[in-house]
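Here's the structure we're looking at; comments come further down.
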Amino acid sequence: MNIVEAKVIVTCPDRNFVTLKLITDDGLTGVGDATLNGRELAVASYLRDHVCPLLIGRDASRIEDTWQYLHKGAYWRRGPVTMTAVAAVDTALWDIKGKAAGMPVYQLIGGRSRDAVTVYGHANGATVPEALEQVGSLLDEGYRAVRVQAGVPGLEKVYGVPAGHAPYEPAVAGDRPEEATWSTAKYLNFVPSLFAAVRERFGHDFHLLHDAHHRLTPIEAARLGRAAEPYGLFWLEDPISEELQEGFRLIRQHTTTPIAVGEVYNSIWDCHQLITEQLIDYIRMDVVHGGGITHLRRVFDLADLYHVRTGSHGATDLSPVCLAAALHVDVAVPNFGIQEYMPHTETTNAVFPHSYRFADGLLYPSEEPGLGVDIDEEAAAEYPYRQAYLPVNRLEDGSMHDW
Ligand code: EZ4
Ligand code: CO
């Protein structure tokens, strides 16, 4: 079962995606998501120019060895571009192995630990009443967990809040990133009142989540965590920038609000201290940016030893190929917590035919052999790449800040 062809497919069905497709000499195909939002072509080049040529002639069944070959064998390890490329290869190889075995991938990694995957949806409003309306519609649709974000009075553009009523999509087409202005003081004075309004209107019988998106210092995060305690958040996500693992200790010393971190991590070395010192409650690494199914399972197994549960990133820049793969992991690991879910657009879904499904606040992985997702290459070719960037953030005095 040798790899005979490796294709890198870049397409923009409403947003950019990079997909790796591997083909074996016995005619099996496997797909892997290789999308890195705003830096897509760097991964496409890493794959095309440096990885794909090494794959031709390799035994597709040797998943672990291929992972190690691309990681240890590259000398230059880790980093989002590299790890996203390695993840795409790994994911495609698991897809092929599942097809060769005639089993869905979750069966190959231990079988089901649960019936289905609990997901959280996004409620985003420019104002508190608009956010409340969206929380209400998600609860009506059956969601058991909702992330709430709202515009902050006095700030023009805020992370998580779309302009108009379109679903939120932070990457904006153009040859320069959009700029936003941020004030931590304005945010901290406002956001507890958003949580209060949600609980007052809808009660406590569902999980409430919030993403602070890397903007606070540890002591500011501690203050927010404390202020949020009466509203029983399921988690406060990314309270501070993610590099300084010991920075989380200070937050921990002050609040019982659970902390979720890791959507920008790509290696176990980014989070081993957070996990082993029990400084977080949920690890947000995902298949595409966390080194594929092989590496993500290693991270999740470490997390399980320390009572840290999973809460994988699942925004729309993670393609249906990543979501399909995520569901196989989610349904199998013992320490699953929750899965983020932002439905893709119809155009995106048409390019990536899949058989996972949503019902009653739960996602069900595909029962087909492999991952149960593919890329329709003809459809993909109709949507050429469009340059787009994630925004940048400045303080009111013009200083650069984390977005
Ligand atoms: O900003 O996926 O929790 N979800 C998030 C996302 C990320 C984008 C970045 O590509 O924080 O909205
Ligand atoms: Co986030």
Side-chain angles (χ1 to χ4, degrees), residues 12 14-18 33-43 80-81 83-84 87 119-124 134 138 143 145-150 157-163 166-173 177-178 180 182 187 191 207-216 221 224 233-243 248 258-266 270-271 274 280-290 310-323 326 337-345 348 387-393 401-403:
C12 186
D14 292 336
R15 67 160 351 283
N16 291 317
F17 294 108
V18 180
D33 183 15
T35 309
L36 186 62
N37 207 0
R39 294 291 188 271
E40 295 86 358
L41 299 185
V43 184
V81 173
M83 290 297 271
T84 300
V119 300
Y120 69 92
H122 283 210
N124 314 312
Q134 291 209 13
L138 288 173
Y143 282 86
V146 175
R147 183 189 100 159
V148 70
Q149 309 289 137
K157 288 179 209 151
V158 174
Y159 165 77
V161 181
Y168 180 64
E169 175 53 72
V172 178
E178 273 197 348
W182 176 251
Y187 168 76
V191 80
H207 297 311
L208 181 61
L209 298 81
H210 178 72
D211 190 349
H213 220 267
H214 321 262
R215 277 135 200 237
L216 310 177
L224 176 56
L233 292 191
F234 183 88
W235 78 33
L236 174 62
E237 175 180 337
D238 288 337
I240 61 177
S241 62
E242 306 199 354
E243 289 98 343
F248 286 82
I259 304 295
V261 175
E263 66 185 44
V264 300
Y265 292 160
N266 34 74
D270 295 327
C271 58
L274 286 176
I280 58 169
D281 301 280
Y282 296 91
I283 180 72
R284 289 207 16 90
M285 287 171 68
D286 54 72
V287 172
V288 57
H289 304 133
T310 74
S312 289
H313 188 205
T316 36
D317 49 297
L318 291 78
S319 88
V321 174
C322 179
L323 183 58
I338 204 161
Q339 168 69 50
E340 182 177 27
Y341 178 47
M342 288 178 78
H344 290 102
T345 66
T348 296
Q387 186 159 41
Y389 282 99
L390 289 171
V392 299
N393 218 11
H401 195 62
D402 300 83
W403 172 70

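Counting starts at 1 for both ligands and their atoms, in listed order. One is the number of the first residue; the rest follow in order along the sequence. All heavy atoms count here, side chains included; hydrogens, waters and symmetry mates do not.
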Check your understanding: Do you know which N/O/S atom name in Glu263 is closest to the Co ion (ligand 2)?
Key -> OE1
Review point. Can you tell me the N, O or S atom of Asp211 that's nearest the Co ion (ligand 2)?
Key: OD2
Exercise for review: Kindly indicate whether the side chain of Pro162, heavy atoms from C-beta on, has any atom under 4.5 Å from the side chain of Asn124.
Suggested key: yes
Practice item. Return the set of residues passing side-chain contact (heavy atoms from CB on, under 4.5 Å) with Asp281 (not counting sequence neighbours), or none when no residue passes. Key: Arg252, Pro258, Ile259
Point to revise | Name of the Glu237 atom (N/O/S only) found closest to the Co ion (ligand 2) | key: OE2
Check your understanding: Do we see a donor-acceptor contact under 3.5 Å between the side chains of Glu340 and His122?
Key -> yes
Check your understanding: Looking at Phe17, does the NZ or CZ of Arg15 lie under 6.0 angstrom from its six-membered ring centre and within 45 degrees of the ring axis?
Key -> yes
Review point. Is any side-chain heavy atom of Glu237 closer than 4.5 Å to a side-chain heavy atom of Leu209?
Key: no
Check your understanding: Looking at Trp182 versus Tyr187, is the centre-to-centre ring distance below 6.0 Å?
Key -> yes
Point to revise | Tyr143 and Tyr341 aromatic ring geometry - parallel, tilted or perpendicular at 30°/60° bounds | key: parallel
**Study point:** Residues in contact with ligand 1, criterion: heavy atom under 4.0 Å
**Key:** Asn37, Arg147, Tyr159, Asp211, His213, Glu237, Glu263, Arg284, His313, Ala315, Asp317, Glu340, Leu390, Trp403
